[in-house]
Amino acid sequence: MIDTDPVQDGPGRRRGRASWTTQRWFATVLLAMVVLIVAGAVIGAAALSRTAAVSNRLSDRIAPAGKATVQLGAALADQAADVRGFLLSGDQAFLDSYADSQAQERRLLARLRELLGAEPDAVAQVGAVEEQARQWRTTVADPLVEVRRAGAAADPAGPVARNLAAFEGVSTGVAGLESRLSGLQDAARQDLATTRRVRDGVFIGLVLALLLLIGVVAVLLRVVVLRPLTQLGTAVRQVAGGDFHHRLAPGGPADLARLAGDVEAMRRRLVDGLDASQRAREELEQRQVELHRLNTDLEQFAYVASHDLQEPLRKVASFCQMLQRRYAGALDDRAQQYITFAVDGATRMQQLINDLLAFSRIGRLYDASRPVDLDEVLDGVQQTLALSIAESGAEITRPPLPTVVGDPTLLSLLWQNLLGNAMKFRHPERAPKVEIEAAQAQGWWTFSVKDNGIGIAPEFADKIFVIFQRLHPREAYAGTGIGLAICKKIVEHHGGTIRLDAAHSPGACLTFTLPAA
């Protein structure tokens, strides 16, 4: 990853963009955009306000003032015409119209002063026109009207001509006012066009500035944030892909650099863990080799025990029996008892050796794994134990049993030991009754074998599964005490568990699990 270039900030101190976090970068970019937007809004509002002011001045003041000026000229012209008509005809209607035109003149003058309040030169010119009209009326029009009303000479040509000559000055003043307002209107239009161009330029400039800022922000974020983040992601994926020795170099914003440092520290811990695991695996492989050698030695020992050790025991038992038969009359009772003890000891030693060999063969000689129908297994076990079942009068109750995964020989040995114990350790006052139950849950079958025999005390729940551990004297119940130890090893070989249900009474209840097919 490429780090940003820091700059010096005093002796022994380094400061630069690398010290900025991603959050600080985004906050700075957001602040810049906000400043640009606010500045653009202010400038744009000013441009719009200026354009609106110029437009309003033109449309609301100058243009209506021009129209009012035209109307003022018409009102003054009407006054001159009314005076001329009265001088020619003496009709009172002309004087009424003359008074109305004066009233209209006054309204228009007031309107013009209102509209042109911000134009002092134009207001002064309006006042000049008003003064010219007043002088025309006071010096010419009104005196002529009074003379005509008093019954002056019948020939009105002279007064009419005099009136028209005096009104020329008023017409000239009105024309000058119209010219000034026309000039103001043209200037206002030019000003409006200028302000519109400025407004458009401002908005175009703001749009370009915003686009430029967006471009700068995109490039800046890509260089400062996205590129280091992409490089970090690539490096992390490379490590996740199996290249655990690929080093991650911190870079970019401060938080990304810290993240890269944390990932690098995690990578180093993983590498250390993998190295330790590799060493442990090598040690385990060495131990497996040693264990395999020891198992081989144990198998050879088991072979020797099954052949070389049993042969002397058979000879001891055989010769003791021959000695007992041949010298039966010559030996006293104590000698006969000693011989019986020797034969019994040799026989029990043979039985112990055979049981120990059977225990060692579990999972070694019998290790098949296939679907096994337990109904067929139980049928075979009941046929094997048919004599014991008949002698004890045992009653075995079982539901339809499922199919499990395992070794058929070991499963037959498991059920044979469980049912055999149920009949062996029966209560002397009642016939054996064995009940088998089965239930499935989460890919496993749970089996319970309940009997009504002498039962097992809860404190011996773990001891009964230990090899050669007996709870009763040999004289009361025959056997070597290895049956339940074989059951435990068979169940655990299939991945299940077996336990004593201490709550069951009377009798004993053994519960174990096997994998479903």
Side-chain angles (χ1 to χ4, degrees), residues 302 354-426 431-453 455-456 461 464-465 467 479-504 507-517:
N354 290 331
D355 290 344
L356 184 61
L357 289 175
F359 185 82
S360 66
R361 290 190 182 103
I362 296 174
R364 184 168 55 86
L365 297 181
Y366 307 105
D367 194 20
S369 182
R370 58 186 176 86
V372 178
D373 187 353
L374 291 184
D375 277 326
E376 296 180 1
V377 171
L378 263 293
D379 290 342
V381 169
Q382 287 186 241
Q383 290 178 2
T384 302
L385 299 176
L387 182 60
S388 297
I389 294 173
E391 289 178 352
S392 63
E395 178 185 353
I396 299 176
T397 304
R398 77 186 203 205
L401 296 178
T403 298
V404 298
V405 177
D407 183 273
T409 302
L410 294 180
L411 293 177
S412 297
L413 183 60
L414 169 67
W415 286 102
Q416 184 173 335
N417 276 284
L418 293 175
L419 296 181
N421 281 348
M423 289 179 288
K424 178 179 178 180
F425 297 101
R426 62 182 179 269
K433 183 177 181 181
V434 182
E435 182 179 359
I436 300 174
E437 296 179 354
Q440 186 182 20
Q442 299 180 353
W444 290 85
W445 281 98
T446 301
F447 300 93
S448 298
V449 180
K450 303 176 182 179
D451 63 50
N452 62 344
I456 302 173
I464 59 176
F465 297 108
I467 188 172
T480 59
I482 199 175
L484 289 180
I486 290 177
C487 291
K488 182 175 186 293
K489 189 170 183 181
I490 292 174
V491 171
E492 292 180 347
H493 174 72
H494 288 80
T497 58
I498 186 170
R499 64 180 179 86
L500 173 69
D501 185 1
H504 177 74
C509 174
L510 292 171
T511 301
F512 61 95
T513 59
L514 292 174

Residues forming a side-chain hydrogen bond (donor to acceptor under 3.5 Å, both in side chains) with E395, sequence neighbours excluded: none
Residues forming a side-chain hydrogen bond (donor to acceptor under 3.5 Å, both in side chains) with T497, sequence neighbours excluded: none
Sequence neighbours excluded - salt bridge (Lys or Arg N to Asp or Glu O under 4.0 Å) pairs with any residue from residues 378-388: D379-R398
Residue pairs involving residues 507-517 (criterion salt bridge (Lys or Arg N to Asp or Glu O under 4.0 Å); sequence neighbours excluded): none
Salt bridge (charged side-chain N to carboxylate O under 4.0 Å, His left out) partners for E492, two or more places apart: K488
L414/F512 under side chain to side chain contact (heavy atoms under 4.5 Å, CB included): CA gap, chis, key distance, verdict: CA-CA 11 Å; L414 169 67; F512 61 95; 3.8 Å; yes
Does any part of the side chain of [Y], heavy atoms only, come nearer than 4.5 Å to the side chain of [X], both counted from C-beta?
X: D407; Y: H494; value: yes
X: F447; Y: L374; value: yes
X: V434; Y: T397; value: no

Exam field: side chain D375 to backbone L401, donor-acceptor pair closer than 3.5 Å: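 Yes.
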Any donor-acceptor N/O pair, N452 side chain to A508 backbone, under 3.5 Å: no
In Å, rounded to the nearest 0.5 Å, how long is the span from [atom1] of [X] to [atom2] of [Y]?
X: L385; Y: Q416; atom1: CG; atom2: CD; result: 5.0 Å
X: N417; Y: S412; atom1: CG; atom2: OG; result: 11.0 Å
X: I486; Y: K489; atom1: CD1; atom2: NZ; result: 9.0 Å
X: L419; Y: I389; atom1: CG; atom2: CD1; result: 7.0 Å

Of all heavy-atom pairs between [X] and [Y], which one has the smallest distance, and what is that distance?
X: I436; Y: P399; value: O-CD, 2.9 Å
X: S448; Y: C509; value: CB-SG, 4.2 Å
X: P432; Y: A422; value: CB-O, 4.3 Å
X: P402; Y: A438; value: CD-CB, 4.5 Å

Side chain to side chain contact (heavy atoms under 4.5 Å, CB included) evaluation trace for V372 with V405: CA-CA 6 Å; V372 178; V405 177; over 6 Å; no
Trace of the side chain to side chain contact (heavy atoms under 4.5 Å, CB included) decision for L411 with L514: CA-CA 10 Å; L411 293 177; L514 292 174; 3.9 Å; yes
I498 vs T511, side chain to side chain contact (heavy atoms under 4.5 Å, CB included): CA-CA, chis, key distance, verdict: CA-CA 6 Å; I498 186 170; T511 301; over 6 Å; no
Passing candidate, side chain to side chain contact (heavy atoms under 4.5 Å, CB included) with C487, options L510, L418, N421, V449: L418
Side chain to side chain donor-acceptor pair (under 3.5 Å): pairs with one or both residues in residues 433-447, sequence neighbours excluded: E437-K450
